[in-house]
4 protein chains.
Amino acid sequence: MQTTEQLLEDVGFDALTIEDVAQVAGVGKATIYRRWPTKGLLVFEAFGKEFLLQQPPPDTGTLRGDLLAALRGWIRTVNGTVAGRTLAGLIAEVQRDPALGDAWRDRFVRPVRDQHRMLVARGIGRGELSPRADPEVLLDLVFGPAYHRLLQSHLPLDDYFAQAVIDVIISGAGS
Amino acid sequence: MQTTEQLLEDVGFDALTIEDVAQVAGVGKATIYRRWPTKGLLVFEAFGKEFLLQQPPPDTGTLRGDLLAALRGWIRTVNGTVAGRTLAGLIAEVQRDPALGDAWRDRFVRPVRDQHRMLVARGIGRGELSPRADPEVLLDLVFGPAYHRLLQSHLPLDDYFAQAVIDVIISGAGS
Amino acid sequence: MQTTEQLLEDVGFDALTIEDVAQVAGVGKATIYRRWPTKGLLVFEAFGKEFLLQQPPPDTGTLRGDLLAALRGWIRTVNGTVAGRTLAGLIAEVQRDPALGDAWRDRFVRPVRDQHRMLVARGIGRGELSPRADPEVLLDLVFGPAYHRLLQSHLPLDDYFAQAVIDVIISGAGS
Amino acid sequence: MQTTEQLLEDVGFDALTIEDVAQVAGVGKATIYRRWPTKGLLVFEAFGKEFLLQQPPPDTGTLRGDLLAALRGWIRTVNGTVAGRTLAGLIAEVQRDPALGDAWRDRFVRPVRDQHRMLVARGIGRGELSPRADPEVLLDLVFGPAYHRLLQSHLPLDDYFAQAVIDVIISGAGS
DNA sequence: CCCTAAACGAGACGGTACGTCTAGTCTTATG
DNA sequence: CATAAGACTAGACGTACCGTCTCGTTTAGGG
């Protein structure tokens, strides 16, 4: 497990092989396969806990503040650590391993969204949101652009971006 | 090339191997490697042209109409054909192959964004957008959520989603 | 191993590929490469044991009889089985693979010559040979012509040849 | 042709490819294939003439002298030049390419043996040979051991060897 | 305290695809 | 019009990992 994290830092998601993990950990391959059926799930477990710990639910008193804090936290983790490349690698892996996809949605996407949905609910309670707004769409609007930039690398994930995204979501871009 | 498209339909991005392409095409492997150094670039080329053809630049007269049409077009292609899975597979591949990443940004992301940026520019010209709005962020807000749903499969890519996204972007979700 | 022998009979040394051996044996290629680094060494091992078993050291009581028996035995094996072509193929391979050459000399040429040298030593002990005769040269004179005919195929390897060779070696061709 | 000889010296028979010959000669591959169907025949032609020129028929006045001179000439050429490895390479190639085998026997083995057979015939005429001696077997006895040492590399091809071989052939090894 | 059974390290195994290489044929464009 | 240049089909090469499977060998808990 620590071996996995170590190797994620040293060689990255792609170059990591279960064979390496076993050897570096001084462990038989079968021992790993007994616990994690695929490389994706192995890395997911090592990555997931770590990542979620770094995303504490914000509570700033305003919806704008909460969403901005959440997005900034995500960006900080993704930019500052190896987590960004690992996250990208895992999402890539999800495209080819349906079992990992299920785990990913159940144990990563859902909990994170549940957490964030509460921010939105709080905003609705405070009357900061139009009652028409769909919370699910809102969450996609907050994080979709960020994942987009992570995976396409066409533009930087910086604080200006975070603010601009949240501003448009709250206030709209129309004149 | 047609062989690649055929195999993408038949077996999908992941199960497609250069070895198969060569055999089905009745071609030596070296011939393929001579032209496309990796599977990613081979598929990208087969996919790119096709995909771009199916995304004609809309011109509805309003920014909202244009953005909605563009997003709907993307969703239609992604949902209705094998292009969705291929697109996901390519984005996954981009995370692993830096050379493909460069090609991807240069020959796919950039042209598509250039096209869409014109819609936004037209909207600005018509005074439909706050002069404060950053076109790049706007583009990420329109398509980021869609890519997000494509890659995470947490929620469907339907017409309701398209409208809701565009509505928030134009008018904001704040009360 | 039996697969190798089988394929040597079926298709011959040249047409034999490690890929075929693996497939026919129902074995991964790596398994073969793990044990035998080259096709030459694989075939050598399959061939060597078999061949040596068919060359029991003769003991007829006279040097002439022993040498003739040894040469006849060699000719019989080489003419009667696939071993002749395999032997030729291996000697050909030895010309291009130095590692095989080393193994060939150590594990084939040397043991065979050791055995035959004992026949000569016995002859010397019985006073059948001029003390001037060099055993090494004698061995080359007995088998060199036979290998020559095997590899050049200019004339048949028959019993008349065997007798004529041994006769000249013992008695000389001078008048 | 000179290119072939050059490359034989520079890289040896095995490493020589028709592709290289073509490129070094500044010639299309097809041009070479038009004249020589295989690498074996190409090299054979380049090698054959050269080699035969270096083997002038000796005439020393005695059979022993002639045979010794012929064998020494062969050894000198084989030891002193790249011809030795080329000769070994060609004999190896002959084991795989039947067409080359035919050419080899017709245009190399036969002429050389014809020449040497005349030495023997001269010896018979001079009464130096037992009338019982078979000239063909004699030739194999003279050169077979030499080819044997060339191809097996188990012992050196030196002048002592040449003399010992001829001595036994003329006088026999029996006491 | 032993003894047995589960888990373990080590790594061989069958299998797949990789990317490279060479052979010999076929195409093209030039001089 | 022949030719150099080199692209092409074909297929074996040797490598890397995969996921499965024996092997002994620890290592614990129950007799």
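Here is the naming used below: chain letters follow the sequence lines, and residue numbers restart at 1 for every chain.
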Legend entry - Whole angstrom value for the distance that separates P of E:dT16 from CG of B:L16: 17 Å

Inset, instruction - Among the candidates E:dC21, E:dC18, E:dA23, find the nucleotide nearest to the side-chain atoms of B:T17. - result: E:dC18

Inset, instruction - Measure from NZ on D:K39 to C1' on E:dC21 and round the result to the nearest Å. - result: 14 Å

Inset, instruction - Could you pick out which residue, C:R35 or B:I18, lies toward the 5' side of DNA chain E when each is mapped onto its nearest nucleotide? - result: C:R35

Inset, instruction - Give the intermediate values and the outcome of side-chain contact (heavy atoms from CB on, under 4.5 Å) for residues B:L16 and B:D20. - result: CA-CA 7 Å; B:L16 178 146; B:D20 282 352; over 6 Å; no

Legend entry - Residue closer to the 5' end of DNA chain F, D:A22 versus B:G26 (nearest nucleotide): D:A22

Inset, instruction - Quickly work out the B:D14 CG to E:dC18 P distance and round it to whole Å. - result: 12 Å

Inset, instruction - Would you mind telling me which residue lines up with the more 5' stretch of DNA chain F, B:G28 or C:P37, judged by nearest nucleotide? - result: B:G28

Inset, instruction - Look at the side chain of C:K29 and decide which nucleotide, out of F:dG19, F:dA4, F:dG14, has an atom nearest to it. - result: F:dG14

Inset, instruction - Report yes or no: is the cationic atom of B:K39 (NZ for Lys, CZ for Arg) closer than 6.0 Å to the six-membered ring centre of B:F44, at no more than 45° off its axis? - result: no

Legend entry - Below 4.0 Å: OP1/OP2 of E:dA7 and any side-chain N or O of A:R34: no

Inset, instruction - I would like to know whether B:F108 and B:F47 meet side-chain contact (heavy atoms from CB on, under 4.5 Å); could you show each step before the answer? - result: CA-CA 10 Å; B:F108 184 80; B:F47 162 87; 3.9 Å; yes

Inset, instruction - Look at atom CD of B:Q54 and say whether more than 12 heavy atoms of other residues, nucleotides or ligands are closer to it than 6.0 Å. - result: yes

Inset, instruction - Using only heavy-atom distances, determine whether the side chains of B:W104 and A:Q152 contain a donor-acceptor pair under 3.5 Å. - result: yes

Legend entry - Which nucleotide in E:dT20, E:dA23, F:dT15 has an atom nearest any side-chain atom of D:Y33: E:dA23

Inset, instruction - Give the rounded distance in Å between these two atoms: CG of C:D20 and C1' of E:dG14. - result: 17 Å

Inset, instruction - Can you figure out which of E:dC18, E:dG15, F:dA12 approaches the side chain of C:E19 most closely? - result: F:dA12

Inset, instruction - Using atom CD of D:E93 as one end and atom P of E:dT22 as the other, report the distance to the nearest whole Å. - result: 15 Å

Inset, instruction - Please report, rounded to the nearest Å, how far the P atom of E:dT25 is from the CH2 atom of D:W36. - result: 16 Å

Inset, instruction - Would you kindly give the CD1-to-C1' distance between D:I32 and F:dA2, to the nearest whole Å? - result: 16 Å

Inset, instruction - Ignoring backbone atoms, test whether A:T31 places a side-chain nitrogen or oxygen under 4.0 Å from the OP1 or OP2 oxygen of E:dG9. - result: yes

Inset, instruction - Take the protein atom CD of A:Q23 and the nucleotide atom P of F:dC18, then report the distance between them rounded to whole Å. - result: 13 Å

